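Keep in mind that this is a model prediction, so the values were computed, not measured. Below, read A as the first sequence line, B as the second, and so on, with proteins coming before strands; counting in each chain starts at 1. What's counted below: heavy atoms across the whole structure, side chains too, no hydrogens, waters or symmetry copies.
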There are 4 protein chains.
Amino acid sequence: MTGPKTAGGYSRIQTQKRAAIFAAALEIFARHGLRGASLEAIAAEADMSKQNLLYYFDGKEAIFVELIQQLTDLWLEPLAQIDPAGEPVAEVLAYVQRKLVMSQNHPRESRLFATEILQGVPHIKHLYEGPMKAMVDRTVALLQTWMDAGQIRAVDPHDLLFSIWANTQHYADFSAQINLIKPMTREERYANAERFLTDMYRALLVVQD
Amino acid sequence: MTGPKTAGGYSRIQTQKRAAIFAAALEIFARHGLRGASLEAIAAEADMSKQNLLYYFDGKEAIFVELIQQLTDLWLEPLAQIDPAGEPVAEVLAYVQRKLVMSQNHPRESRLFATEILQGVPHIKHLYEGPMKAMVDRTVALLQTWMDAGQIRAVDPHDLLFSIWANTQHYADFSAQINLIKPMTREERYANAERFLTDMYRALLVVQD
Amino acid sequence: MTGPKTAGGYSRIQTQKRAAIFAAALEIFARHGLRGASLEAIAAEADMSKQNLLYYFDGKEAIFVELIQQLTDLWLEPLAQIDPAGEPVAEVLAYVQRKLVMSQNHPRESRLFATEILQGVPHIKHLYEGPMKAMVDRTVALLQTWMDAGQIRAVDPHDLLFSIWANTQHYADFSAQINLIKPMTREERYANAERFLTDMYRALLVVQD
Amino acid sequence: MTGPKTAGGYSRIQTQKRAAIFAAALEIFARHGLRGASLEAIAAEADMSKQNLLYYFDGKEAIFVELIQQLTDLWLEPLAQIDPAGEPVAEVLAYVQRKLVMSQNHPRESRLFATEILQGVPHIKHLYEGPMKAMVDRTVALLQTWMDAGQIRAVDPHDLLFSIWANTQHYADFSAQINLIKPMTREERYANAERFLTDMYRALLVVQD
DNA sequence: GATGAATGAGATTTCATTCAT
DNA sequence: GATGAATGAAATCTCATTCAT
């Protein structure tokens, strides 16, 4: 009741502890999902007691929601950097590459996101209705403009985005499968992926005359 | 110990009950994940008592494992149908289409599979070392032959497969996200997807001279 | 309901099956006690199904009670053979020896009996009030006669019996402890025991003049 | 995982609660055996909730093991008090008496111990290989010395110990049987027992010249 | 006689959470 | 801020037993 949740800002120590909890929760949630994760495990990973953890957060779900909200920014960032004034094909390919880098550097975050969506987005519906939708709409409109102007091939812009997400996130989310089928170092895997995806999207988007 | 878990075949009633349980489990597992699902819920969905369910299976995990093993066949079937003697580009596009149809008709199965992989393939590693690896290896070799012969564009055949899986399964596994971003009927969604993916893979694979 | 329990006599096959069940039950009960034993385990040991077993007996407790009633005869037999007309010291020593042989040849029966008594004789109280009491009373009276006549040393005849039971049964019931403290073959153990107990009871009983 | 199972000592409240649980468990285990006892029953006897009990112990078996390990000390104590410098016959008779007093004052402990041994010492084998063996070996060696010196009759020292254990513990472990055969007050029973056993072991051990 | 199918009762155990200090 | 103590709810699983064929 007297926890730091009511305060507007967080003290230094609170911020530190919360960060530690977020890191631990990310680890555990990514591995076991929301339901599969136990407070126990998160607390152990964060090197604190369950009760202390509950002093900082209202419960398991609360941690999860806050965590996944933070991830939204991470997820949207590559999209936000698309430059309407840039060269269209290059812009899309650069976006693909940024998403891929994100996958490589934040595989747990990616898996956490994937888990949430697989379960039907039960916790972050409001984000989709707010900032994400806005950003996606903006991008779709931009792609459509480029297509209308004949600067990239005319395909369904939504499907193009879905495809980029699917392809880039696949290397993080399904890495277990990839490793079983073709064992590689992470570097090799992502080098390969970049080459392949660049080829594919260039082939798709470049307009033949 | 008590149930019909003895070796050999299953009687008619056993087969029926097991099928009912599998159907119910698929529904529940796809909705809540392995941990999130309760025997109670599966039993209710299958319209039987928990104990009766336990008479047929050793526990939740046992159902899950058997269920997901069955799904492997579903997953491999479209791959098995690739005809080495067919026209290469058409064969790959037909495979893409078959995978997409599978996604459309078996979204829960696809999500269940995705969950297993996301968690690191804890239950069916052995399948990857056996039948799945064999089938994938065969396909990769075939693609390589076609590439070497200049019949399809030379890309990494593994990445090509990963990409097809990622794209086609995405429409089932991440449908919650898709629906939030662009609400459509299922038919529209898959019609769009087919058009887009056909365009993309044709653009990628057809060799320009 | 139609089981063989209502019949007066048993058919050949019934007798065989019941014998098999008794043997299995003895094994399992001696190892785990009444509560610790499961029908499952007894059925497995008897190489039949739980349901079949229940066709022959009304339940776990029923098997136990019948089994332990049978053992009573075994337990009383050495006592019954004491000859009032024999030489007193020799008769008692012979009784000790018979009990010891019984322990050696029927350790599981002995342990089963011990378990029942340890738990407070919940199932065979009536036996103690009937045949066992009669036989014990007879023996106590006989011992008392011999003591009164100065043929064996005068001690409390009840305590003498208790002591003989304790000593002889100890080698079967607590064999696990004995084996841990002084590993021996069964033959050695009982040879030692016989020598020791003969010495002890002769020293006790022989009247010095 | 949650409870006070961390290494180190126990707080006052922990010590109290644990003691209460041990007392309750002793009562219940002695009455129903390990399998027959339920956490529910132990918790009720200890006047606490099942979950609170589980906060202190990992489960039924864990309580049992700790409890029976504690009893070992009780069991060894009378043995440890044998004085190598004392008068041999008197020392042994005093040991018999101490064991008998222990039986009289701790019948439930004795029965619990007996149960464990009857089942084949599944939980405390390690103790037999450690402290118990050491103490028994010491005593056997001492008895042998006395026998070699002609101070007590030469018999197998192990069998002598077994006999003392069997006789003294019998009055606690098999009291149900004794009560059925010869109802007495506890005081009478033990007074009788002491007289009888003293007679018997004196007759056995005193060396006639 | 034998057995597959089903079930009710109950036991253990996990886990998020609350309370008091 | 932190933690030891306690608890309610629910989930898994075991087991004796019944029923129908």
Please tell me which of the listed nucleotides, E:dT18, E:dA6, F:dT17, lies nearest to the side chain of B:Y56?
-> E:dA6

B:K50 (side chain) donor-acceptor with B:A43 (main chain) under 3.5 angstrom | no

Calculate the interatomic distance between B:K17 atom NZ and E:dG4 atom C1'; express it in whole Å.
-> 12 Å

Give the nucleotide from the list E:dT17, F:dA16, E:dT3 with an atom nearest to the side chain of C:S49.
-> E:dT3

Quick one: is F:dA5 close enough that its OP1 or OP2 comes under 4.0 Å of any side-chain N or O from D:S11?
-> yes

Which nucleotide in the set F:dA9, E:dC15, E:dT18 lies at the smallest distance from any side-chain heavy atom of D:Q51?
-> F:dA9

For A:A41, which contact category applies under a 4.0 Å heavy-atom criterion: base, sugar-phosphate, or nothing?
-> nothing

What is the distance, rounded to the nearest whole Å, between atom CZ of D:F64 and atom P of E:dA11?
-> 19 Å

Side chain of B:Q14 - closest among E:dG1, E:dT14, E:dG4 | E:dG4

Sub-3.5 Å donor-acceptor pair from the side chain of C:E45 to the main-chain atoms of C:I42, do we have one?
-> no

What is the nucleic acid contact for B:K50, judged by heavy atoms within less than 4.0 Å: base, sugar-phosphate only, or nothing?
-> base

Are any of the side-chain heavy atoms of B:K17 and B:N52 separated by less than 4.5 Å?
-> yes

Rounded to whole Å, CD1 of B:I63 lies from C1' of F:dC13 at a distance of 13 Å

For A:A62, report the nucleic acid contact type (base, sugar-phosphate, nothing); a contact means any heavy atom under 4.0 Å.
-> nothing

How do C:L53 and A:K60 order along DNA chain E: which one's closest nucleotide is nearer the 5' end?
-> C:L53

Return the 5'-most residue of the pair A:I13, D:N52 with respect to DNA chain F, ranking by each residue's nearest nucleotide.
-> A:I13

Spacing between D:R18 atom CZ and F:dA5 atom P, to the nearest angstrom | 11 Å

Reckon B:R35 touches a base, only the sugar-phosphate, or nothing at all at heavy-atom distances under 4.0 Å?
-> sugar-phosphate

Quick one: do the B:H123 and B:Q69 side chains pair a donor with an acceptor below 3.5 Å?
-> no

Less than 4.5 Å apart, any side-chain heavy atom of A:L26 and any of A:L67?
-> yes

Flag for A:Y128-B:Q177: side-chain donor and acceptor within less than 3.5 Å = yes

When A:G59 and B:M48 are each assigned the nearest nucleotide of DNA chain E, the 5'-most assignment goes to B:M48

Please work out if B:A43 contacts a base, only the sugar-phosphate, or nothing of the nucleic acid, heavy-atom cut-off 4.0 Å.
-> nothing

Residue pair A:Q119 / B:H32, side-chain donor-acceptor N/O under 3.5 Å = no

CZ of B:R12 versus P of E:dA5: gap in Å, rounded?
-> 12 Å

In dot-bracket, 5' to 3', how would DNA chain E read with Watson-Crick or G-U wobble pairs under 3.5 Å, [ ] for crossing ones and | for pairs to another strand?
-> .||||||||||||||||||||

Atom NE2 of C:H32 and atom P of F:dC15 are separated, to the nearest Å, by 11 Å

For atom OH of D:Y10 and atom P of F:dA5, their distance in whole Å | 11 Å

Verify the ring-centre separation between D:F57 and D:F22: is it less than 6.0 angstrom?
-> yes

To the nearest angstrom, the OH-P distance between B:Y55 and E:dA5 comes to 4 Å

